Amino acid sequence: MRIDLNADIGESFGAYKFGEDDKLLSHITSANIACGFHAGDFHVMSRTVKLAKEKGVGVGAHPGYPDIQGFGRRELVMTPQEIYEMVIYQIGALQGFCKIYDVPLQHVKPHGALYNAAAVNRKIAEAIAEAVYDVAPESILFGLCNSELILAGKQRGLKTAAEAFADRRYTDEGKLVSRQQPHAVLPTFAEILEQVKQILLHQRVQTESGQWCRLQADTICFHGDGANVAEHTAQIRQALENEEIKVLRVGI
């Protein structure tokens with residue numbers, strides 16, 4: 001058994017610092033790097049790509065809605081064409097830094113509200129898959145398990161990675177509970193660890209109503225802006241390795 005561990009990082013910008021990127025990169029295998037629309041900036045992107053290379057972590061573009069104020073977690077009304085062009089723009093920005101540090105763009109994972117919209121909206125999912133195919137066809141498209149985004153990626157001929165979340169609650173339909181709800185994020189380390197074990201050892205997750213939802217994940221996400229995320233990720237990685245689960249970059 002094997003799993004990739006990913007995290008959303010590179011979310012600092014200007015004078016504002018967020019997350020524990022330096023520590024976190026020692027424990028994850030794939031990094032979703034903000035591309036400047038919901039968070040991040042050119043300096044942070046450059047530094048994060050360089051550091052990920054030094055740590056042997058796979059580099060991924062993390063495009064989101066142009067919504068700094070809302071951290072990309074508010075859905076914007078955009079046409080599929082606008083979403084296609086917006087994703088290309090952000091992937092292209094990160095590809096530039098990948099080129100100067102001579103690292104491949106391993107994957108693309110939409111952020112926040114864009115990710116959630118693509119999980120259920122076929123047209124948005126297809127626009128994102130088309131953008132990845134047109135500018136980064138060798139990259140892996142990350143999307144929520146059993147989502148429209150994974151289906152659209154496969155139909156377009158992309159490699160895909162089905163993603164589950166360590167610290168998010170799920171609805172009975174297998175989607176993420178909205179962050180507008182007070183119980184959207186698991187509050188304790190013990191609950192996070194138990195959810196990860198259920199996902200990997202039993203291919204299921206307990207929903208907000210107490211039911212079980214089936215899923216099979218290729219990668220598990222940790223949020224880089226979460227409290228004590230580096231420590232939690234290190235502990236969970238060790239727990240998985242104790243269960244003889246190999247923690248490896250997706251696609252290797």
Side-chain angles (χ1 to χ4, degrees), residues 6-13 18-19 21 30-49 52 57-99 103-144 147-150 152-153 156 158-163 165 176 179 219 221-225 250:
N6 77 77
D8 305 340
I9 65 172
E11 295 172 334
S12 301
F13 59 93
F18 302 97
D21 293 1
S30 295
N32 318 311
I33 301 175
C35 298
F37 272 33
H38 74 276
D41 64 25
F42 47 86
H43 172 68
V44 173
M45 291 168 68
S46 178
R47 180 183 182 279
T48 307
V49 171
V57 173
V59 171
H62 197 38
Y65 283 125
D67 180 26
I68 288 283
Q69 289 85 353
F71 197 63
R73 289 177 175 160
R74 302 180 296 190
E75 186 170 0
L76 303 184
V77 178
M78 300 179 70
T79 67
Q81 181 66 24
E82 288 172 327
I83 289 172
Y84 167 81
E85 293 164 349
M86 175 187 71
V87 171
I88 285 177
Y89 187 99
Q90 293 179 74
I91 292 173
L94 196 71
Q95 281 176 320
F97 293 109
C98 288
K99 183 174 182 179
V103 294
L105 183 70
Q106 174 189 266
H107 67 278
V108 176
K109 174 190 166 181
H111 166 79
L114 181 62
Y115 180 97
N116 291 329
V120 297
N121 186 307
R122 174 66 63 87
K123 290 187 180 299
I124 292 176
E126 289 175 345
I128 293 170
E130 189 73 20
V132 176
Y133 183 83
D134 284 350
V135 296
E138 298 303 314
S139 296
I140 302 166
L141 179 60
F142 281 24
L144 189 67
S147 68
E148 290 288 347
L149 185 57
I150 291 293
R156 196 64 188 85
L158 293 168
K159 292 172 285 186
T160 62
E163 181 180 44
F165 286 76
L176 300 179
R179 280 188 176 269
T219 184
C221 178
F222 296 85
H223 285 98
D225 62 337
V250 67

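Note that this is a predicted model, so its numbers are computed, not measured.
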### ring pair (Phe, Tyr, Trp, His ring centres under 6.0 Å) partners for H107, two or more places apart
F142

### Message
So, using side-chain contact (heavy atoms from CB on, under 4.5 Å) as the criterion, who are the partners of E82 when residues are at least two apart?
### Response
M78, T79

### Summary
With sequence neighbours left out, the residues meeting side-chain hydrogen bond (donor to acceptor under 3.5 Å, both in side chains) with N116 are none

### side-chain hydrogen bond (donor to acceptor under 3.5 Å, both in side chains) partners of E163, counting only residues at least two apart
N6, K109, Y115

### Query
Quick one: salt bridge (Lys or Arg N to Asp or Glu O under 4.0 Å) partners of E126, sequence neighbours excluded?
none

### Donor-acceptor under 3.5 Å (H111 side chain, F71 main chain)
yes

## Note on the structure
The side-chain contact (heavy atoms from CB on, under 4.5 Å) partners of V57 (sequence neighbours excluded) come to L25, I28, A31, A52, K55

Which donor-acceptor pairs under 3.5 Å do side chains of residues 127-141 form with protein atoms, sequence neighbours excluded?
residue: E130; atom: OE1; partner: R156; partner atom: NE; Å: 2.6
residue: E130; atom: OE2; partner: R156; partner atom: NH2; Å: 3.4
residue: D134; atom: OD2; partner: Y84; partner atom: OH; Å: 2.6
residue: S139; atom: OG; partner: L105; partner atom: O; Å: 2.7

### Query
How would you list, by chain and number, every residue that makes a side-chain contact (heavy atoms from CB on, under 4.5 Å) with K99, sequence neighbours excluded?
none

### Task
Apply ring pair (Phe, Tyr, Trp, His ring centres under 6.0 Å) to F37 and list each qualifying residue two or more places apart in sequence or on a separate chain.
Y89

## Note on the structure
Residues at least two apart in sequence or cross-chain that pass side-chain contact (heavy atoms from CB on, under 4.5 Å) with A117, listed by chain then number, are Y65, E75, I124

### For Q69, side-chain hydrogen bond (donor to acceptor under 3.5 Å, both in side chains) partners two or more places apart
none

